[in-house]
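Notes for the one structure printed next.
In what follows, every chain begins at residue 1, and chains take the letters A, B, ... in the order their sequences are listed.
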2 protein chains.
Amino acid sequence: MHMSQQEIIANYLNTHYAFFERGLKEEIASSCTIKTFKAGDVLMQSGQYFRSTMLMVSGRVKLYRENEEGGEFFMYYIESGQACALSLICAARQEASQITARAVEDTKLLLLPISMMDTLMTTYKSWYYFVLETYRQRYEELLVTIDHIAFKSMDERLERYLQTQFEKLGTSHLTMTHQEIANDLHTSREVISRLLKKMEQANKLRLNRSFIEWLG
Amino acid sequence: MHMSQQEIIANYLNTHYAFFERGLKEEIASSCTIKTFKAGDVLMQSGQYFRSTMLMVSGRVKLYRENEEGGEFFMYYIESGQACALSLICAARQEASQITARAVEDTKLLLLPISMMDTLMTTYKSWYYFVLETYRQRYEELLVTIDHIAFKSMDERLERYLQTQFEKLGTSHLTMTHQEIANDLHTSREVISRLLKKMEQANKLRLNRSFIEWLG
DNA sequence: AAGTCTGTGTGACTAAAGTCACCTTTAATA
DNA sequence: TATTAAAGGTGACTTTAGTCACACAGACTT
């Protein structure tokens with residue numbers, strides 16, 4: 001079976017953005033392009049400007065906050081059916097982004113020219129709700145993140161981090177090194193190794209070379 | 001000179017929300033109410049629901065994130081000409097708020113019934129921009145906050161905190177106790193006292209009972 | 001003036017996190 | 001198979017932050 005680019009996009013929209021109004025889907029389909037990233041690719045980098053809004057249709061993207069020395073801090077995942085909140089608004093206002101996004105799986109996005117934002121916003125109620133809801137969700141997520149770094153100690157943060165990973169990935173098998181986890185939480189490898197060891201002794205997980213099994 | 005409630009509101013809007021379209025101002029003026037808070041009053045509390053959107057016209061409000069044990073963490077100020085970002089969207093979606101807002105000066109707000117949000121959003125471009133820009137600003141502010149608690153040590157955080165206070169208040173005289181500062185940064189009074197002492201010795205400020213002079 | 005409350009200063013200690021050094025194990029590959 | 005690189009384990013130490021105890025000073029009360 002052969003599908004045109006248009007049909008493929010229409011298909012993506014029906015699968016992951018079913019809640020969009022018919023006219024909205026048509027309008028998006030007629031003027032967006034598809035962009036593909038490989039696992040590990042950087043989708044956008046601190047200081048970069050947006051020229052389009054991004055709607056994810058497959059894969060998984062990790063959002064990081066970066067500091068001056070290149071240190072990273074993991075914030076949250078974006079998955080299919082979700083938009084990059086920043087691209088929705090930075091795009092509309094032509095502002096530079098302050099975060100880094102990296103694909104952790106092969107990822108497909110729809111790119112919508114920012115020039116469409118105004119029209120979509122005022123024409124389609126489902127788009128307006130989508131934008132606001134996306135922003136609200138990300139905002140709440142950031143608040144929870146603040147809770148954790150402001151109020152919790154490293155062992156609690158690590159536990160929550162792992163829980164989030166296993167939940168999001170829908171598996172009990174996390175393929176990450178201690179060093180990578182340490183980077184995401186902006187701490188050192190030794191600290192993570194020691195805390196993981198304790199969690200293993202408490203029978204919460206099993207440690208292996210390069211991956212962790214969750215016994216939740 | 002005597003002014004009607006309507007005229008007073010029109011006046012507020014012209015002063016603090018001059019960028020609103022004429023029709024938008026009229027619509028707001030005809031259906032909003034004024035609410036007043038005294039310094040120290042709590043405007044909203046964790047878990048509460050919004051029934052209206054709030055536009056500040058005078059005073060100053062501090063936004064906190066709270067944890068289960070009642071610990072607080074200062075996030076940012078809201079001032080006249082600004083809206084509570086959460087009230088813009090929680091209102092639209094009828095969600096519970098997760099933060100606490102407290103007036104630090106006597107404060108006046110305009111309350112807009114949430115039922116108006118949809119119409120305003122689709123009818124007035126200046127409202128749509130205002131909402132998005134408000135959200136974007138708060139989002140960026142949260143990101144900066146995360147930077148600080150994730151990447152910086154307490155002395156740097158205190159320094160930035162004081163700078164923000166002096167800037168926002170537009171004075172070199174900050175009337176706060178060490179205990180209050182410690183609460184905002186979610187640390188202990190002794191830590192703040194010691195760090196302030198160091199900053200005094202470095203000639204960055206002068207310490208007094210219950211207030212601090214900035215020598216910036 | 002005596003008593004009390006609040007705000008601040010400070011030494012001594014504890015706990016948590018981060019660093020350093022060095023080792024072992026496992027996987028990859030020459 | 002021998003060699004090397006990557007991942008992880010662990011003891012010892014330093015630094016930072018938080019806690020405890022108590023002293024002291026200024027302001028306010030009676």
[N] [atom2] sits how many Å from [X] [atom1], rounded?
{"X": "Leu195(A)", "N": "dA15(C)", "atom1": "CG", "atom2": "C1'", "answer": "14 Å"}
{"X": "Ile192(A)", "N": "dG9(D)", "atom1": "CD1", "atom2": "P", "answer": "12 Å"}
{"X": "Ile149(B)", "N": "dT16(D)", "atom1": "CD1", "atom2": "C1'", "answer": "17 Å"}
{"X": "Phe151(A)", "N": "dA16(C)", "atom1": "CZ", "atom2": "P", "answer": "19 Å"}
{"X": "Met199(B)", "N": "dG9(C)", "atom1": "CE", "atom2": "C1'", "answer": "17 Å"}
{"X": "Leu207(A)", "N": "dT10(D)", "atom1": "CG", "atom2": "C1'", "answer": "14 Å"}
{"X": "Glu200(B)", "N": "dT8(C)", "atom1": "CD", "atom2": "C1'", "answer": "11 Å"}
{"X": "Asn208(A)", "N": "dG9(D)", "atom1": "CG", "atom2": "P", "answer": "10 Å"}

Discussion item. Using five pairs at each end of the helix from dA1(C)-dT30(D) to dA30(C)-dT1(D) to define an axis, what is the angle between those two axes, to 10°?
Written reply: 20°

Item to complete: Indicate, with a heavy-atom threshold strictly under 4.0 Å, whether Ser188(A) touches base, sugar-phosphate, or nothing.
Response: base

Item to complete: Pick base, sugar-phosphate or nothing for Asp155(B), based on heavy-atom distances below 4.0 Å to the nucleic acid.
Response: nothing

Counting only N and O atoms by type, is there a donor-acceptor contact under 3.5 Å from the side chain of [X] to the main-chain atoms of [Y]?
{"X": "Ser80(B)", "Y": "Met56(B)", "result": "no"}
{"X": "Asn11(A)", "Y": "Glu7(A)", "result": "no"}
{"X": "Asp106(B)", "Y": "Lys38(B)", "result": "no"}
{"X": "Arg138(B)", "Y": "Tyr139(A)", "result": "no"}

Fill in: Any N/O donor-acceptor pair, Arg189(A) side-chain to dG18(C) base, under 3.5 Å
no

Discussion item. I'd like to know if Arg209(B) reaches the base of dT6(C) with its side chain such that a donor and an acceptor end up less than 3.5 angstrom apart.
Written reply: yes

Worksheet entry | dG18(C) OP1/OP2 closer than 4.0 Å to side-chain N/O of Thr187(A) | yes

Practice prompt. Examine dG7(C): is either OP1 or OP2 under 4.0 Å from a nitrogen or oxygen in the side chain of His178(B)? Give yes or no.
Written response: no

Item to complete: Assess Lys25(A) against Tyr17(A): is NZ or CZ under 6.0 Å from the centre of the six-membered ring, and within 45 degrees of the ring's axis?
Response: no

Discussion item. Using heavy-atom distances to pick each residue's nearest nucleotide on DNA chain C, tell me which of Glu190(A) and Met154(A) is more 5'.
Written reply: Met154(A)

Worksheet item: Between dT8(C), dT10(D), dT19(D), which nucleotide gets closest to the side-chain atoms of Arg194(B)?
Response: dT19(D)

Discussion item. Parallel, tilted or perpendicular, judged at 30° and 60°: which one describes the rings of His173(A) and Phe211(A)?
Written reply: parallel

Practice prompt. From the options Lys35(A), Gln82(A), Met44(A), select the one residue that forms a side chain to side chain contact (heavy atoms under 4.5 Å, CB included) with Met54(A).
Written response: Met44(A)

